[in-house]
Amino acid sequence: MSVSTAAVSLEFQLTVDDFRAAIRARNRVVTKARLTNVAAWLLLVLAPAGLALHIHRSGVGAVGLREWALLVAACYFFALQVLGYQALFHRGRLRRHGPRRVTVDDHAVVCAGAESTTRQAWMQFGCYLERRNLFVLLSTDRQCMVILPKRGLTAAGDEDRLRALLESRLPRA
């Protein structure tokens with residue numbers, strides 16, 4: 001069966017869940033992000049263990065503000081990196097940007113919103129990811145991404161057409 005690679009349109013409002021799913025998908029394929037997650041887990045385990053050892057050696061009264069600040073910082077870092085809470089920081093921006101209309105064709109990805117329209121050529125992207133509910137286009141350095149929720153597809157068969165377009169232009173990560 002041949003799938004047409006004509007332009008595909010999506011209309012959607014990004015949500016925190018979309019952003020969180022995209023971050024998790026990116027973190028699975030980006031080595032630096034995987035290492036950061038390992039570091040977050042180690043910090044979450046080692047910081048309380050170090051504090052407990054310090055309390056054991058020096059007594060409860062010897063624990064100062066510096067030690068408690070380290071523990072809080074470790075938990076905060078863990079929450080941001082591993083639990084995906086960084087998506088919550090973008091909640092206001094996602095609401096402000098409002099509904100988006102994205103057109104993907106043979107030449108570029110065009111994202112239009114209430115405040116701006118951007119046109120990104122295919123050479124700006126290094127690869128794409130597909131998850132159950134969305135496609136994620138990663139920049140060549142894999143730090144920036146375009147999130148395309150599947151619920152935004154406007155016509156029947158668009159999911160297969162979009163997948164075919166992505167496969168013809170980008171490697172799958």
message = Could you check whether any side-chain heavy atom of Arg163 comes within less than 4.5 Å of a side-chain heavy atom of Phe135, counting everything from C-beta outward?
response = yes

remark   = Between Val136 and Ala22 the two heavy atoms that sit nearest each other are CG2-CB, 3.8 Å

query = When you check the gap from the basic side-chain N to the acidic O, do Glu115 and Arg100 get nearer than 4.0 Å?
reply = no

request  = State whether the side chain of Ser139 and the backbone N or O of Cys144 hold a donor-acceptor pair below 3.5 Å, judged by distance alone.
outcome  = yes

remark   = dist Phe12:CZ -> Ile147:CD1 (nearest 0.5 Å) comes out at 8.0 Å

message = I'd like to know if the side chain of Arg131 reaches the main chain of Ala21, judged simply by a donor and an acceptor atom lying under 3.5 Å from each other, with no hydrogens or angles considered.
response = no

task = State plainly whether one hydrophobic cluster holds both Val30 and Leu170, where clusters connect Ile, Leu, Val, Met, Phe, Trp and Tyr through side-chain heavy atoms under 4.5 angstrom apart.
result = yes

inquiry  = For a quick test of reading the model, state the closest non-hydrogen atom pair linking Ala7 to Thr103 and the distance between them.
reply    = CB-CG2, 4.2 Å

key: Heavy-atom side-chain contact between Val109 and Arg119 under 4.5 Å   = no

Pairwise side-chain contact, Ser9 with Arg101, heavy-atom cut-off 4.5 Å (strictly under) = yes

request  = Measure the shortest side-chain to side-chain distance between Leu166 and Leu137 over non-hydrogen atoms and say whether it is less than 4.5 angstrom.
outcome  = yes

ask   = Are Leu129 and Met145 in one and the same hydrophobic cluster, where Ile, Leu, Val, Met, Phe, Trp and Tyr link if side-chain heavy atoms are under 4.5 Å apart?
value = yes

inquiry  = Is there a side-chain hydrogen bond (donor to acceptor under 3.5 Å, both in side chains) between Asp17 and Thr15? Walk through the geometry before answering.
reply    = CA-CA 5 Å; Asp17 290 335; Thr15 65; 5.0 Å; no

query = Do the side chain of Trp122 and the main chain of Asp106 share a donor and acceptor less than 3.5 angstrom apart?
reply = yes

task = Going by the side-chain contact (heavy atoms from CB on, under 4.5 Å) test, name the single residue among Leu148, Thr154, Asp105, Leu165 that passes it with Val8.
result = Leu165

remark   = Taking every heavy atom of Leu10 against every heavy atom of Pro149, the minimum-distance pair comes out as CD2-O, 3.4 Å

request  = Evaluate the side-chain proximity of Thr117 to Cys111: yes if any heavy-atom separation is below 4.5 Å, no if none is.
outcome  = no

query = Which heavy atom of Val29 sits nearest a heavy atom of Arg142, and at what distance?
reply = O-NH1, 3.3 Å

inquiry  = Does any part of the side chain of Leu138, heavy atoms only, come nearer than 4.5 Å to the side chain of Arg26, both counted from C-beta?
reply    = yes

key: Distance, nearest 0.5 Å, that separates CD of Gln13 from CZ of Arg151   = 8.5 Å

